[in-house]
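Below is one structure; the comments refer to it alone.
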Amino acid sequence: MDQVNRTIPDMDRILQGRRMRRVRKFEWTRRMCRETTLTPDDFIWPIFLTEGQGVQEPVESMPGVVRYSVDEAVGAAQMAADLGIPVIAVFPYSGPEKRDDWGSEADNPDNLVCQACRAICKAVPGIGIMTDVALDPYTDHGHDGLLSGDDILNDETIARLISQSLNQARAGSHIVGPSDMMDGRIGAIRQALDGAGHDDVIIMAYAAKYASAFYGPFRDAVGASGALKGDKRTYQMSPANGLEALREVELDINEGADMVMVKPGIAYLDVVHRAKDAFGMPTFAYQVSGEYSMIEAAAAQGWIDGEKVMMESLQAFKRAGADGILTYHAVRAATRLNAG
Ligand code: PBG
């Protein structure tokens, strides 16, 4: 110490006793000064569904992620519930035979999503089920809405989303998550749900959803990559915009959203922070497929410590103000957190 003070004669004056490192010295001081915590309560686990029985089929572009047949999805939901994860979100894989220009499969009361809702509700009553409202798993052009020429039709699409939401609510979905970015869909879906006696079904609005290249592996997982014609820039937001995200979030809140979401995650933490700050709503972030796969790919090469990067990324969402995170790492992170 004396040595240092002699080397830099002004150190005492510069520091004036202010030493930030004092509280970082011991594990217990670090613990008592931490501002945010991460627990399994913070996770929503997205899983993929596929036809069949006893199937767990790897998704090539997402190492460690599988598509579950409905019976296996029940086991996955049980595992998530046992870990303390509050919600599981289900996304169906559909091949070309399940796709048409109308997204008809969205109305099938026996589609994979509805089957999973019924089976999971019955077998795992302790977990919440979230379902995705958008036509892209079921359209032959891979868009979230109805296509006419080059246009995605707004109001006509909303009529389809209403019918999809009601179908999911009847099957037992607790949270519907409109991810389509049509204008006015939250209000329209709320009104339709209430009119049909589903006033307890929660709406988590994908309020600020960006036209992002980070969704690549997901489209592969749900069978949409080959199908998608063009891109989604006429309905999803430009990555250049932040204020517009606040207007989107505000509209969805005014139309009756119970919870709002920002998507993708890590590259959009400023938006999460601003949305939480501005509205104080339950605010969620979706750490999407591309983010997951980037971590896994670098970890597989030995270039990063995958476990540590996983935990650090998830912690960052909490610091930014998110109440929770949709993450494909939910089970691994919860397992780790429960181990202490
Ligand atoms: C589609 C939907 C997408 C995701 C969730 N719902 C993809 C898209 O908008 O093209 C992406 C999730 C992920 O990448 O993990 N309505």
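Since the model is a prediction, treat every value here as computed from it, not as a measurement. All ligand and atom numbering here is 1-based and tracks the order in the structure.
With hydrogens left out, the protein atom closest to atom 12 (C) of ligand 1 is Phe218 CD1, 3.3 Å, a heavy atom. Protein heavy atom nearest atom 16 (N) of ligand 1, with residue, atom name and distance: Ser179 OG, 2.7 Å. From the protein, the heavy atom lying nearest to atom 15 (O) of ligand 1 is Tyr328 OH, 2.6 Å.
In summary, the atoms of ligand 1 found under 4.0 Å from a heavy atom of Tyr286, numbered by their order in the structure, are 12 (C), 15 (O). Atoms of ligand 1 lying under 4.0 Å from at least one heavy atom of Arg219, given by number and element, are 8 (C), 10 (O). Close approach of ligand 1 to Asp144 (heavy-atom distance below 4.0 Å) involves ligand atoms 1 (C), 16 (N). Those atoms of ligand 1 with a heavy atom of Lys263 less than 4.0 angstrom away are 2 (C), 3 (C), 4 (C), 5 (C), 6 (N), 11 (C), 12 (C). In the vicinity of Lys209, heavy-atom distances shorter than 4.0 Å reach the ligand 1 atoms 1 (C), 2 (C), 3 (C), 6 (N), 8 (C), 9 (O), 16 (N). For ligand 1, the atoms sitting less than 4.0 Å from at least one non-hydrogen atom of Ala134 are 16 (N), numbered in the order shown with element in parentheses. Listed by atom number, the atoms of ligand 1 under 4.0 Å from Lys232 heavy atoms are 8 (C), 9 (O), 10 (O).
Contacts between Asp136 and ligand 1, counted as non-hydrogen atom pairs separated by less than 4.0 Å, involve the side chain only. Heavy atoms of Asp132 found under 4.0 angstrom from ligand 1 belong exclusively to the side chain. Residue contacts with ligand 1 for Ser289 involve both N, CA, C or O and side-chain atoms from C-beta outward (heavy atoms, distance under 4.0 Å). Neither the backbone nor the side chain of Tyr292 has a heavy atom within less than 4.0 Å of ligand 1.
In this structure, Thr29 contributes its side chain and Val23 its backbone to a donor-acceptor pair below 3.5 Å.
Under the 4.5 Å side-chain criterion, counting only non-hydrogen atoms from C-beta, Ile325 is not in contact with Ile44. Looking only at side-chain heavy atoms (C-beta outward), Tyr286 and Ser179 stay at 4.5 Å or farther from each other.
Among residues two or more places apart in sequence or in another chain, the side chain to side chain donor-acceptor pair (under 3.5 Å) test is passed with Asn108 by Glu105.
Each of Ile202, Val133, Thr131 was evaluated against Ser173; a single residue qualifies, Thr131, per the side chain to side chain contact (heavy atoms under 4.5 Å, CB included) test.
When the shell of 6.0 Å around CD of Glu60 is examined, it contains 12 or fewer heavy atoms from other residues, nucleotides or ligands.
Cation-pi geometry between Arg67 and Tyr93 is satisfied (NZ or CZ under 6.0 Å from the ring centre, within 45° of the ring normal).
The aromatic ring centres of Phe91 and Phe218 sit less than 6.0 Å apart.
Counting only residues at least two apart or in different chains, side chain to side chain donor-acceptor pair (under 3.5 Å) contacts with residues 197-210 comprise Asp132-Tyr206.
In this structure, Gly54 and Ser69 approach most closely via the heavy-atom pair N-OG, 3.2 Å.
Ligand 1 lies less than 4.0 angstrom from a heavy atom belonging to Gln236. Distances from ligand 1 to the non-hydrogen atoms of Gln287 include no value under 4.0 Å.
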